[in-house]
Amino acid sequence: MNRASEPSFRESVDLMFNRAVALMDLPPGLEEKIRVCNATYTVRFGVRLRGEMRTFTGYRSVHSEHMEPVKGGIRYAPSVNQDEVEALAALMTYKCALVEAPFGGSKGGLCIDPRQYDEHELEQITRRFAYELAKRDLINPSQNVPAPDMGTGEREMAWIADQYARMNTTDINARACVTGKPLNAGGISGRVEATGRGVQFALREFFRDSRDMAQAGLTGSLDGKRVIVQGLGNVGFHAAKFLSEEDGALIVGVIERDGALVNDEGLDVEAVHQWIVKHGGVSGFPDATFVENGAVVLEEDCDILIPAALEGVINLDNAERIKAPLIIEAANGPVTAGADDILRKKGTVIIPDMYANAGGVTVSYFEWVKNLSHIRFGRMQRRQEEARHQLVIDELQRLDDYLGDAWSMSPNFKDKYLRGADELELVRSGLDDTMRISYQSMREVWHSRADVTDLRTAAYLVSIDKVAASYRAKGL
Ligand code: GLU
C-alpha cells in the first residue's frame, strides 16, 4: 500500500458519502444531487505590491443550496486548490445539517502563503479578493457567509466585513455578511475558542456513555487520559488547553510544523503556545523531549489522538501503525478514506470531523443571528434574571437567619446564583447543547443499527437524511 493508490481529498469525502448512502433508501437521483458540488467559482486577480503586479488565485465553492445562506470558511494556504475547496464545501453541508445550523455548505480558499506578506499587503489582497466575491454575491448576508479557516482569523474577517459594507452602503444587515469578526466589528464572544471548545464538549459527551468508551476500550473519564495533539493552531491550542486545564487530561505530545514535543507527565499547553508565538516553532522548548520527525509521534501510544492541522495526515502509509484507540478529527479530513477502512477494521473509534469541529460554525450561526437581530445576547434579560434570583436569595437568607447554626447557604452560592448569564456564558451553553444533541443523534444510529459500525457513517446518515428532507420539502 502506498500514497499513489490514495484517492484525492474530494474523492475521499465522496467515498465516505457513498458508503453511507448505500445504507439509505433515497429516491433515485437525489443521492447524486446531494453529493455533487453545485458550483465553484475561480478568480484570478492582480494586486500591485512591492512595485510589481502580483496575480493571486482564489476559489469559492458552493456545495449545496438546500438552505441559504451557504456557509463555510476562507482558507489561506499555498496548497489551496479546487479539489480541496470542493471537499471542504461538501463537509460544510454535512456539518451544518448535523448540528442543525440552518445553512447550505460552501468554502473558499486563496493560494497564498500569508507569512510572506506584511499586514498592509494582506489587507490589500484580502479586500481585493472580498471585492471579487461580493460582486458575485459569493459574500452576502442572505446568500453566502464566509468565516475564518486555516491561515485566516478575526483580522481578515473585519477587512471582509468592511469591504462588503463599503460596497453595500444601505444594507442594514451588512455585518452578517461574514462571521468570526472581532467583537468590536460585530463579532460574538467565544467565537475564537469555539472550535476547540466544541472538541472538548464532544469528548465530554463521548465519555458520558460507557458503551462508547467500551468500543474504544477506554474507561473512566477524561481525567488522566493521555492525549496527543497535532497542530497547535487556533483549534488544537484551545482544545488542548481546555482538556488539560478543565478536564484533567494530560497532553503528552504536541506535533507542530518543525517537529514534536513529548512529555509523559503532560505539557503546559499555554507555555508551549507562548513558545511557538515567540520562536516560530516548538524546537528548543525546555520542558519536553523534542522529536524532529514529528509525524512519527502520531503513532505513539496514547488514549486520544487529536489531529488538528491538515487533511490526509492519517493515510495508507501510517494508519496501520496508529495506536490511539480514539481519534477525534478536530481538522477537516485528517483521515483518508483508505486509512478510515484500516482503522475501522482495527476497532479504532473515530469521532468524525463533520461533528468534531462543528463548534466553529455553530458559534458562527449565533454570530449571524446576533448581527441580524442587532442586539447582544443577554442584553434584555440579564438584569431581570438577576432580580428574580435576588428574590430567592432573600428568602434563603431569611431561612439562614432563622435556622442559625443548623443550616447556612454554601460559600459562593450567593454570588454564583445571583449573576445573570452574559453573552459568553450563553454562547458556551448553546454550543454545549448543540454538541450534546448532535452527538446523541449519531450515537442513536450507531448503537441501534447493526449495519452501522462507526460514528462517521452514523454522522453521514443523520446529516444526509436532513439534507434529503429539506430537498423533499421543497418538492425537488
Ligand atoms: N472554517 C470553519 C469550518 O470549517 C468555520 C466555518 C464557519 O464558521 O462558517 O467549519
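Worth saying up front: this structure is predicted, and the values here are computed from it rather than measured. Read the numbers this way: they start at 1 and go in the same order the structure lists the ligands and their atoms.
Side-chain N/O atoms of Thr434 and Tyr439 include no donor and acceptor closer than 3.5 Å. A donor-acceptor contact closer than 3.5 angstrom is absent between the side chains of Lys71 and Asn144.
Expressed to the nearest 0.5 Å, how far CG of Asp454 lies from OG1 of Thr348 amounts to 11.0 Å.
When heavy-atom distances to ligand 1 are checked against 4.0 Å, the residues falling inside are Lys71, Gly72, Gly73, Met92, Lys95, Lys107, Ala147, Pro148, Asp149, Arg191, Asn332, Gly360, Val361, Ser364, ordered by chain and number.
Between Tyr59 and Tyr41, the gap from one ring centroid to the other reaches at least 6.0 Å.
A donor-acceptor contact shorter than 3.5 Å is absent between the side chain of Asp113 and the backbone of Pro78.
Considering only heavy atoms from C-beta on, Gln143 stays 4.5 Å or farther from Val70 through its side chain.
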